[in-house]
Amino acid sequence: MTGAALDVPLRLGLLGSPNSGKTTLFNALTGMRAKVGNYPGVTVERREGRCHVDARDAVVIDLPGTYSLEPLSPDEAVVNRVLEGAIESPPDALILVADACSLARSLLFVAQVLRRGLPCCLVVTMIDELQARGGTLDLPRLERALGIPVRGVVGHRGLGIDALRALLARPETWERPHLLPPGEATERAAWADSVLASVAARRPGTHRLTEAIDRLVLHPVAGTLLFIMVMVGFFQLIFAWATPAMDLIDGVIAELAAGARAGLPPGLGADFVADGLVAGVGAVVVFVPQIALLFSLLYLLEDVGYMARAAFVADRVMSRIGLEGRAFVALLSSYACAVPGIMATRTVPSPRDRLVTILVAPLMSCSARLPVYALMIGAFIPSGYQGVTLLGMYALSVGAALLAAWVLRKTLFRGESSTFILELPSYKLPSARHVLRMVLDRAWVFVRQAGTIILAISVVLWFLAYFPRSEEIEAEATRRIAAGEPAEEVEHWQSAEQIKQSYAG
């Protein structure tokens, strides 16, 4: 390959099923330096991250998780279109991700991808989990059986990542299969079984801890009660844990405003800096602890493995209104923002169910409403009942969304619901590094996007409340202070009177 060609960044497509460790591998390779957008002409989220592989630049394209190249949902259809080059230039090479504990299922997908003829390597994740469950896997023999490079990694610990980077630097040298896997479904399954039989001396046993916990978590009664308790605790902690940080930020903002007023000459400039800029920034920053806690708890529940169980438990309710558990995941995503919630409906196979979920998702209380709820609850609700009140606000939004969905499914969108099939991942300890990165990313998005709007509105409101100024009111305030009235009371009176006759008044 020429030097000029080596200067062009490699385009590496990352493929795998949901819960296979694909996102963890993406973060390990790119350091979370990701750019998020949509595929051209398709409302499906794409993530690209840049990285260096042996001093060569590469772009890792995180494709939507899928079990098959025979698509059932828009997400899965996009994978096909990307591989075919129908949306943009196809990747130079593909990184296939497979969970070591469910390799039999992954090999069916690997067989479909290999038939596309693109350079491929296989990354087997969760090797530590396989060993913990008593399984063994001969990776060199698997490499020979598939005819493509195979590497094993433990993504959240960074094990095997350096060897993978060295491999990714030269995809043009990768071996190709001498004989492509069969294309009929039955023959493909037989091929996958034969490969697995030759490379796995011992299959992994069941995850006993996961099975023991699931007997409680998925129980029709106990699981539902646990789900309610988790949701109550979720919202109570958002208030209880965020309050000290919010009080601290409030104090710092007040000190900064007082310092600006003391350091600047009295008048318009000091008032604008103290009451407009500093107070406007404070109106944004003070809610960052609650936003960070909201996403921290969401990501922790997801990493532990509870979110998939919550969808399973919620499916019992969702099925009564004509939707399925995957719709619950989309509606829960709308707690963060309605936009990603609507985008999450891509995983719902039924067009009818997908459209109904899209229509009701904006009724969910997104994080942009959290500052409004927090302000109202903090002002009117006693401290011991604030978390329960917040839960009630969110429960009201859930009730409205479910009622609207039921009405839509009974009137405009009648028909049978699609079958709900969900893979439940094993429970595992969350990666603190991954959660921290995701939370910081979401908090920065709030500050950058919502914060700039809030700051701009704060400045505009200050202008409307400050102008025009009445010289008569100022003169009256000066006279009353000179007459011996308390200065603080007079200043409050002056501020109220100026607002009354301002543009805002």
Side-chain angles (χ1 to χ4, degrees), residues 6-37 39 45-66 75 78-79 82-83 88-100 106 109-110 113 118-130 139 142-143 146 148-174 299 302-303 425 428 430-442 444:
L6 288 174
D7 292 336
V8 178
L10 280 172
R11 289 170 51 81
L12 303 173
L14 190 63
L15 282 83
S17 63
N19 301 315
S20 64
K22 183 167 65 74
T23 300
T24 302
L25 181 61
F26 176 82
N27 293 336
L29 288 174
T30 65
M32 200 55 192
R33 293 187 293 273
K35 182 177 72 173
V36 180
Y39 286 98
E45 186 177 277
R46 62 178 294 164
R47 290 202 307 165
E48 286 189 358
R50 290 189 170 270
C51 64
H52 297 285
V53 287
D54 275 9
R56 188 176 181 185
D57 289 336
V59 175
V60 181
I61 307 165
D62 188 11
L63 296 170
T66 179
D75 260 12
V78 163
V79 175
V82 170
L83 296 184
E88 57 187 5
S89 300
D92 300 315
L94 301 177
I95 308 170
L96 307 180
V97 183
D99 180 355
S106 298
F109 178 59
V110 169
V113 177
L118 290 171
C120 296
C121 71
L122 177 64
V123 178
V124 182
T125 61
M126 304 185 194
I127 298 295
D128 55 340
E129 176 72 15
L130 176 74
L139 293 182
L142 178 62
E143 183 173 274
L146 297 179
I148 61 173
V150 176
R151 298 292 183 272
V153 302
V154 181
H156 65 281
R157 296 181 185 174
L159 302 179
I161 299 299
D162 289 339
L164 178 59
R165 288 181 187 276
L167 172 69
L168 297 179
R170 295 277 183 173
E172 63 276 1
T173 65
W174 294 354
Y299 288 133
E302 184 177 351
D303 269 16
K428 58 181 181 293
S431 168
R433 182 180 175 187
H434 172 246
V435 171
L436 179 61
R437 282 177 172 173
M438 297 295 288
V439 170
L440 290 176
D441 178 63
R442 299 309 306 174
W444 174 240

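Positions are given from 1 along the sequence. All values below come from the heavy atoms of this structure, side chains included, with hydrogens, waters and symmetry mates left out. Just so you know, these numbers come straight off a predicted model, no measurement behind them.
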All side chain to side chain contact (heavy atoms under 4.5 Å, CB included) counterparts of L118, not counting sequence neighbours: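 Listed in chain order: L83, L94.
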
How would you list, by chain and number, every residue that makes a side chain to side chain contact (heavy atoms under 4.5 Å, CB included) with W174, sequence neighbours excluded?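 Only A93, P119, C121, P149, L167, L168, P171 meet the side chain to side chain contact (heavy atoms under 4.5 Å, CB included) criterion with W174.
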
Validation row: [X], [Y] side chains within 4.5 angstrom (heavy atoms):
X    : Y    : value
L159 : V153 : no
V82  : P90  : no
L164 : V123 : yes

To the nearest 0.5 Å, what is the distance between [atom1] on [X] and [atom2] on [Y]?
X    : Y    : atom1 : atom2 : answer
M126 : T24  : CE    : OG1   : 6.5 Å
T66  : F109 : OG1   : CZ    : 5.5 Å
D57  : R50  : CG    : CZ    : 6.5 Å
L142 : I148 : CG    : CD1   : 8.0 Å
D92  : L10  : CG    : CG    : 5.5 Å
L25  : I95  : CG    : CD1   : 6.5 Å

At their closest point, which heavy atom of [X] faces which heavy atom of [Y], and how far apart are they?
X    : Y    : result
C51  : L29  : CB-O, 3.1 Å
S20  : S17  : OG-O, 2.7 Å
D99  : S106 : N-OG, 3.9 Å
L130 : A100 : CD1-O, 3.7 Å
A28  : I161 : CB-CD1, 3.9 Å

Do L139 and V124 pass the side-chain contact (heavy atoms from CB on, under 4.5 Å) test, and can you show the C-alpha distance, the side-chain angles, and the key distance before you say yes or no? CA-CA 9 Å; L139 293 182; V124 182; 4.1 Å; yes

Could you give me the CA-CA distance, side-chain angles and deciding distance for L15 and V79, then say whether side-chain contact (heavy atoms from CB on, under 4.5 Å) is met? CA-CA 8 Å; L15 282 83; V79 175; 3.9 Å; yes

R11 side chain to S89 main-chain N or O, any donor-acceptor pair under 3.5 Å?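 The answer is yes, because a donor-acceptor pair under 3.5 Å joins these two groups.
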
Taking only residues two or more places apart in sequence, or in another chain, which ones meet R165 in a salt bridge (charged side-chain N to carboxylate O under 4.0 Å, His left out)?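 By the salt bridge (charged side-chain N to carboxylate O under 4.0 Å, His left out) rule, R165 matches no residue at all.
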
Given L14 and L96, is the side-chain contact (heavy atoms from CB on, under 4.5 Å) satisfied, shown in steps? CA-CA 6 Å; L14 190 63; L96 307 180; over 6 Å; no

Check this for me: does any side-chain nitrogen of one of D62 and K22 sit under 4.0 Å from a carboxylate oxygen of the other?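 Counted as a salt bridge, because a side-chain N and a carboxylate O are separated by less than 4.0 Å.
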
